[in-house]
Trainee: 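Here it is: the structure, laid out below.
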Amino acid sequence: NAGVTQTPKFRILKIGQSMTLQCAQDMNHNYMYWYRQDPGMGLKLIYYSVGAGITDKGEVPNGYNVSRSTTEDFPLRLELAAPSQTSVYFCASSLSGQRGMFSYEQYFGPGTRLTVT
Amino acid sequence: QQPVQSPQAVILREGEDAVINCSSSKALYSVHWYRQKHGEAPVFLMILLKGGEQKGHEKISASFNEKKQQSSLYLTASQLSYSGTYFCGTATLRTNAGGTSYGKLTFGQGTILTVHP
């Protein structure tokens, strides 16, 4: 299994440009998450999804959009990039089960390092 | 609201012990612990569910006091490989009438652990 994969690994955007960060997992996990991590800081949840077609906002959703058309893929869209969106973006996935959400290990992808100038 | 971790940084020599604390102002459903090495993705250590359980894995263990909304991570006989930044994540959860779980996992700011030979 490849686990959680993210593309691209690095990207530089100009202010006002848009892009999509790709995330895919091959573990058949229903739950998927997007986090951002600013230098020296913890992870902040942007959006999450409990299954295909179901998404919800996390802690810092402004400036981002997500969609979940399949179990495997969970892309994150940045519209009108701003310098404040310079960060490392991590995608993660986890099992779903009787214990409920946030009761299972999250598997993280390698991250996308984004710079907006 | 972000959980508070203490201390912010710890420096150890190999073989010494350390405790990292995590406290929240909210009622918690679960507490997650992850370790992140520089430039890498977070790696899962353990999850504790409400119920005051204590879990362990080799020389790393953790406790969760649900009433105090606190968790502690115990590292005994530290090894060089323990160096990294440790994050706790605290989860709050709600379930709608349809039985679907929604919630948030919020990470602390991290504790930098450095182990010297």
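Lettering of chains follows the sequences in order, A, B, ..., and the numbering in each one begins at 1.
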Trainee: Nearest 0.5 Å, what's the NZ-CG distance between A:Lys44 and B:Leu105?
Mentor: 12.0 Å

Trainee: Counting only heavy atoms closer than 4.5 Å, note whether A:Tyr35 contacts chain B via side chain, backbone, both or neither.
Mentor: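 Side chain of A:Tyr35 only, per the 4.5 Å heavy-atom cut-off to chain B.
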
Trainee: Indicate, with yes or no, if A:Leu21 and A:Phe90 share a hydrophobic cluster defined by side-chain heavy-atom contacts under 4.5 Å among Ile, Leu, Val, Met, Phe, Trp and Tyr.
Mentor: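 A:Phe90 does not cluster with A:Leu21.
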
Trainee: Go through the atoms of B:Gln5 and report whether side chain, backbone, both or neither lie under 4.5 Å from a heavy atom of chain A.
Mentor: neither

Trainee: Above 12 or not: heavy atoms from other molecules or residues under 6.0 Å from NZ of B:Lys26?
Mentor: no

Trainee: Could you state whether B:Phe107 and A:Val60 fall into the same hydrophobic cluster, counting links through intermediate Ile, Leu, Val, Met, Phe, Trp or Tyr residues with side-chain heavy atoms under 4.5 angstrom apart?
Mentor: no

Trainee: Flag yes if more than 12 heavy atoms outside A:Ile12 fall under 6.0 Å of its CD1 atom; otherwise flag no.
Mentor: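 12 or below, so no.
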
Trainee: If you look at every heavy atom in A:Glu105 and B:Ile47, which pair is closest and at what distance?
Mentor: N-CD1, 3.3 Å

Trainee: Quick check: closest heavy atoms across A:Pro110 and B:Ala41, and the distance to 0.1 Å?
Mentor: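 Heavy atoms only, the tightest pair is CA-CB, 4.4 Å.
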
Trainee: Check whether more than 12 heavy atoms from other residues, nucleotides or ligands sit under 6.0 Å from atom CG of A:Leu95, and answer yes or no.
Mentor: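 Yes - once you tally the heavy atoms of other residues, nucleotides and ligands closer than 6.0 Å, there are more than 12.
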
Trainee: So which heavy atom on A:Tyr104 is nearest to which on B:His32, and how close?
Mentor: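 Between these two residues, the closest heavy atoms are O-CE1, 3.8 Å.
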
Trainee: Is it the case that the side chain of B:Tyr34 and the backbone of A:Gln106 share a donor-acceptor pair, with hydrogens and angles ignored and the cut-off at 3.5 Å?
Mentor: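 Side chain of B:Tyr34 to backbone of A:Gln106, a donor-acceptor pair under 3.5 Å: yes, one is there.
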
Trainee: In the single-linkage hydrophobic clustering (I, L, V, M, F, W, Y; side-chain heavy atoms under 4.5 Å), do A:Met41 and A:Tyr33 co-cluster?
Mentor: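 A:Met41 does not cluster with A:Tyr33.
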
